[in-house]
Amino acid sequence: MDYQFKKIESEWQQFWAENNTFKAENHSTKPKYYVMDMFPYPSGAGLHVGHPLGYIASDIFARYKRLKGFNVLHPMGYDSFGLPAEQYAIQTGQHPAITTEQNIATYRRQLDQIGFSFDWSREVRTSSPDYYKWTQWIFMQLFNSWYNRETDKAEPISTLIQKFEVEGNTSVKAASDDDVLSFSAEEWLTFTDQEKQEQLLKYRLTYLRESTVNWCAALGTVLANDEVKDGFSERGGYPVEQKKMMQWSMRITAYAERLLQGLDTIDWPEPLKEMQRNWIGKSVGAMVRFKVERGENKERGAESEKSDNANPLSAPFLVAGSSLSTPFIEVFTTRVDTTFGVTFVVLAPEHELVKHLTTPDQQADIDAYIDQAKKKSELDRMADTKTVSGAFTGSYVINPLNGNKIPVWIADYVLAGYGTGAVMGVPSGDARDHRFATHFNLPIVAILDTQKEVLKEADATKEGHYINSGFINGMTYKEATAAVIAKLEALGAGKAKINYRQRDAIFGRQRYWGEPVPVYFKDGLPHLIDENELPLVLPEVDKYLPTESGEPPLARAENWKYQNEFEYELSTMPGWAGSSWYWYRYMATKEERAENVFAPKEAIDYWKDVDLYIGGSEHATGHLLYSRFWNKFLKDLGLIEVEEPFKKLINQGMIQGRSSFVYRLFFDINSGRQTYFVSKSVYDKLSNDREYRVDFFTKLGFREEDIPDYILSAQHVDVNLISNDILDVEAFKISNKVDTNAQFVLECGLPIFSFEKRLNEVYRCGHEVEKMSKSKFNVVNPDEMIERYGADTLRMYEMFLGPLEQSKPWNTNGIEGVFKFLRKFWKLFHDDNFNFRVINEAASKAELKSLHKIIKKVEDDVERFSFNTSVSSFMIAVNELMELKCAKRSILQDMVIILSPYAPHICEELWKLLGNEAGTLSYAEFPKFNPEFLVEDAFSYPISINGKTKTNLSIPLSLEPKEVETLVLADENVQKYLAGQTPKKVIVVKGRIVNMVV
RNA sequence: GCCUGGGUGGUGGAACUGGUAGACACGCAGGACUUAAAAUCCUGUUCCCGUUAAAGGAGUGCGGGUUCGAUUCCCGCCCCAGGUACCA
């Protein structure tokens, strides 16, 4: 029989399913091995060719480990809450649960046909109530916990209450909000319940906090950063602004130090760890307080400051242990030694002191600036370092070290969420401060004798001795830092401080399709529902849109009240909630899931942690950090044992897509909004060519002086509507919901001829290589590949594409070669008429050499996750055995075992043809490598002159370098290249190379 | 901007610890088999110069450096991709 992959593959897939071949046991005498993949979000576009890359790698590894005698847990599930399903629901009115169910069915079909060895009995779905019951349960544990810095772990909130009752909060060392009041035990006891709860909320590991969101008034909703482009909504192009909103947060910062330390104990790619370290961003420095100079802002601050408790000018004093009575601006700096060089202070435009520091003269300037800053996203603000902007508040502060009066500015390069939302400007040492000072004509003072030309350029050196710096003049960096901190502490104007860049994570979305937060509100304060009321099931709503008043979709649920009385929390949990603990749910068997725990203790004790986790590096600072955080928290509660959940992690590179773009041009005219889609070359010319632009608008009927303001932007378009970069305009019109009256300007430009077909009368799209994702409309799925070549070919081809960890755009150029290889492998077992021809003869030396070369190679390659190189080696081995006309069982049977993790279907079939019991291949024993078969006695030395290879010479490997040198120099051919010269030096590296220097 | 990764023939890539650059494939060209096609097999294929063959020269994004020897190590740039806190 010829190689009939379709028949073979469907038969074996059915066999595995029916016989539960890959079901993992929670009890075994074998050593355990837990191989996990990052589970997919079941997108409507189906599984794309990028997903299987990591899954194939982990499947090869899992199958390899079974052959090596391990009890392997290799599960799969779905991260099934998310924005795209909800977006689809908004457009179609379909319940996201239904579309999600359909998408999962598609994913499952696609996964099944690739032949993965998953234990499907342990599948999880984050959107199913029996799963998210436990996500909500963990949320409740977080709400009921605080972080004790003395024991360095989370503890029940009841222990905090006990402390408050005995000693108040002044001596408590806890992770908390910045604005906690100090109170004594007596004061605590006089608090009402309401007041007590308010205080406790500042300590809970999940708590309410005001944070900034992208608010789109036209859509009446909050947008993800992903959905905002250049300050406008990606859908519809409506303006977006930054707005503050009360939100649930997770106090991940409490764990910053442990998250940092833990990195040293796990086997993860160094760059990934580095990303997490940078994200956590530990910096050792100091807080410095600059007193506000009174009198400059007499109308406001001065009179209200004493009596009015709500006056924000007094807000910063609400720091535990502080008794200062003058308003100040607090900054964090890592270069406290440069305090004498401070010539201005900059606040974030959102800083709460801004409105109180602004003098009447400056009011207009400041208002205009704040207005403009609101329109920019944080990312835009960080990214744009070229343009300097800012506004003067009119107020001044006093430098605590030299008493200098320093102006207070606002600028958008200072971000409210970072540090204290204020920085001290040291233009001589910091490039950004320098640009700011130069632009606004602020003084620049050198503070180190090694700084050169500070008027021209900032110099961040720590070398040399201080100048212009009062009592630290003449000191070195180390001495000065210590001296300044000591002085600031003595003055009560600052203290040493370790700062983390990481912020507490926002834990809420103003959306429908997510886990409901198990919280209701009573008298404006959050309370947990009862544990036995879990899961709090997502209620039905009539529409998946926000309400008219801008509340989240859950506000639409009718009669949805806790005990028919109290408002539930209306936001839902973010995408990362369900994925932050799922590896524990996999540990529970189907039967064990009926028990009232997230996973049984014995199962957790047995599987402990994930031995190998494979997934994309795009999750480096999101999912992987949150998961480590929740894991540490669960450990603090004593529910699990390990500090780190993922022992070893491999990043598979992304299979990128080739995205296509259309170019949308729109502007407002008297009769409303007009939209055009312009072709690629028209877009290029409109962007770069002024004359063309004028001509273009003239043709549209505008006079040169009346050309309207317009927005020209690139927009993703579905790659399935495109062939060779040409857009199917009619199909696009149907799929594009927003601009029904849009017009199309084709390659030929204006005017549009519609009656005559010509070459340029097409709409040409632009393109870019970027990640494959539904939102970028560039998804390619594996079904067609499997239909044409089969799963074994797809599996091997995805590995053959290149190193697992590297990103690459998808292309199918080489797939024929892999397919040919499998057919050759099949032919090795059959004669020309496809009769099985394997014989029981003793293997030759050459055959054994080929076999043991590949055993060694595959072992080495799998252990270091270099799957692409083993595919090449398999090809070489099969080419060699073909050449040798090898048909011997002792060789071929081992070949089947070695290849089976990569191409399991064809190997199962051949295993059966070889006379073995069906299905036993998965648990066969991996062949033992014997180095004796690879011993060589001679090596063909490359002979080079000045590093350039000239010829080769075969020399016995037993010879020592001196003997090799003699032999080489005696060679006629070598003498020809030397042309009579005597080498100055001869380098011989045994078994490697001979190099002569002349 | 900042953090992280990458850049080698026409294409995907190999070269594992500084030791023959281009393994293995794809594609292309030529040939065999065939009435023909598909499939299969054989030969060639980094570039330039030359060409019956040979012999030269250049070459791993760009510019420098260390070394007997650099795709590999160091310094400075350019380009591409991922992340940048509400895509997952």
Side-chain angles (χ1 to χ4, degrees), chain A residues 38-41 43 79 81-84 87 211 213-214 222-228 247 269-272 274-279 281 378-386 413 417 432 502-506 508-511 574-576 579 616-623 625 651 653-654 656 768-771 773-776 797 800-803 805-809 811-818 820-821 823 827 860-861 864 866 868-869 871-876 879 940-952 983-987 989 991-997:
Chain A
M38 289 185 187
F39 60 169
Y41 172 78
S43 135
D79 190 11
F81 272 134
L83 225 49
Q87 194 49 42
S211 36
V213 296
N214 301 308
V222 173
L223 296 178
N225 289 336
D226 213 43
E227 301 172 297
V228 183
Q247 301 244 56
E270 203 44 54
L272 182 65
E274 197 56 27
M275 268 196 255
Q276 291 210 346
R277 285 191 193 106
N278 290 329
W279 183 267
E378 220 169 72
L379 186 57
D380 293 338
R381 284 167 56 169
M382 283 188 287
D384 185 8
T385 52
K386 301 248 156 56
Y413 76 86
R432 217 174 32 181
Q502 179 177 40
R503 293 178 251 165
D504 277 342
I506 295 168
R509 301 287 179 271
Q510 323 306 309
R511 300 287 178 164
W576 55 270
S579 58
S617 64
E618 69 271 27
H619 299 283
T621 50
H623 162 62
L625 211 48
N651 284 131
M654 204 169 309
Q656 291 152 329
E768 240 169 72
V769 168
E770 53 186 1
K771 75 194 261 190
S773 116
K774 201 189 173 193
S775 67
K776 301 192 189 311
Y797 179 62
F800 189 59
L801 266 179
E805 308 201 46
Q806 229 167 70
S807 295
K808 51 236 154 196
N811 79 81
T812 52
N813 289 345
I815 198 164
E816 285 284 346
V818 174
K820 273 190 217 165
F821 158 76
R823 294 176 56 139
K827 279 187 76 178
D860 289 353
D861 283 354
R864 66 195 170 99
S866 174
N868 57 322
T869 48
V871 177
S872 297
S873 305
F874 278 124
M875 290 174 171
I876 294 169
N879 286 346
S940 173
Y941 279 89
I943 312 299
S944 52
I945 295 173
N946 291 337
K948 289 274 174 196
T949 309
K950 295 294 176 186
T951 183
N952 280 57
K984 288 187 202 128
K985 197 173 170 188
V986 179
I987 293 118
V989 183
R992 288 250 189 229
I993 200 170
V994 177
N995 188 22
M996 288 175 282
V997 188

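In what follows, every chain begins at residue 1, and chains take the letters A, B, ... in the order their sequences are listed.
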What nucleotide among [options] has an atom nearest to a side-chain atom of [X]?
{"X": "S872(A)", "options": "G19(B), A23(B), G57(B)", "answer": "A23(B)"}
{"X": "N868(A)", "options": "C26(B), A14(B), G83(B)", "answer": "A14(B)"}
{"X": "W279(A)", "options": "A88(B), G19(B), A85(B)", "answer": "A85(B)"}
{"X": "P803(A)", "options": "U4(B), C86(B), A14(B)", "answer": "A14(B)"}
{"X": "M275(A)", "options": "C3(B), G57(B), A88(B)", "answer": "C3(B)"}
{"X": "Q502(A)", "options": "A85(B), A88(B), A23(B)", "answer": "A85(B)"}
{"X": "Q806(A)", "options": "U11(B), G13(B), G82(B)", "answer": "G13(B)"}
{"X": "N813(A)", "options": "C86(B), A88(B), U11(B)", "answer": "U11(B)"}
{"X": "R503(A)", "options": "A85(B), A81(B), G82(B)", "answer": "A85(B)"}
{"X": "N952(A)", "options": "C24(B), U20(B), C86(B)", "answer": "U20(B)"}

Looking at [N], I'd like to know if its phosphate oxygens (OP1 or OP2) sit under 4.0 Å from a side-chain N or O belonging to [X].
{"X": "T949(A)", "N": "A21(B)", "result": "yes"}
{"X": "N225(A)", "N": "A85(B)", "result": "yes"}
{"X": "N995(A)", "N": "G19(B)", "result": "no"}
{"X": "K985(A)", "N": "G69(B)", "result": "no"}
{"X": "N879(A)", "N": "A25(B)", "result": "yes"}

Between C73(B) and A15(B), how far is it from one P atom to the other, in whole Å? 14 Å
Is the ring pair H623(A)/H619(A) parallel, tilted or perpendicular, if the boundaries are 30 and 60 degrees? perpendicular
Return the value, rounded to whole Å, for the distance between atom [atom1] of [X] and atom [atom2] of [N].
{"X": "M38(A)", "N": "C87(B)", "atom1": "CE", "atom2": "P", "result": "17 Å"}
{"X": "K820(A)", "N": "A39(B)", "atom1": "NZ", "atom2": "P", "result": "8 Å"}
{"X": "R277(A)", "N": "G5(B)", "atom1": "CZ", "atom2": "P", "result": "12 Å"}
{"X": "I815(A)", "N": "G12(B)", "atom1": "CD1", "atom2": "P", "result": "16 Å"}
{"X": "N811(A)", "N": "A25(B)", "atom1": "CG", "atom2": "C1'", "result": "12 Å"}
{"X": "K808(A)", "N": "U8(B)", "atom1": "NZ", "atom2": "C1'", "result": "16 Å"}
{"X": "R864(A)", "N": "A14(B)", "atom1": "CZ", "atom2": "C1'", "result": "11 Å"}
{"X": "N278(A)", "N": "U4(B)", "atom1": "CG", "atom2": "P", "result": "5 Å"}

Could you list the residues that satisfy side-chain hydrogen bond (donor to acceptor under 3.5 Å, both in side chains) with R992(A), not counting sequence neighbours? none
For RNA chain B, the dot-bracket notation using Watson-Crick and G-U wobble pairs below 3.5 Å, [ ] for pseudoknot-type crossings and | for other-strand pairs, is (((((((..(((......[....)))((((((.......))))))(((.......)))..(((((..]....))))))))))))....
G82(B) glycosidic conformation (syn if within 90° of 0, otherwise anti) is anti
The answer to which of P84(A) and L272(A) contacts RNA chain B further toward the 5' end, by nearest nucleotide, is L272(A)
5' priority, RNA chain B, between M875(A) and I506(A) [closest heavy atom]: M875(A)
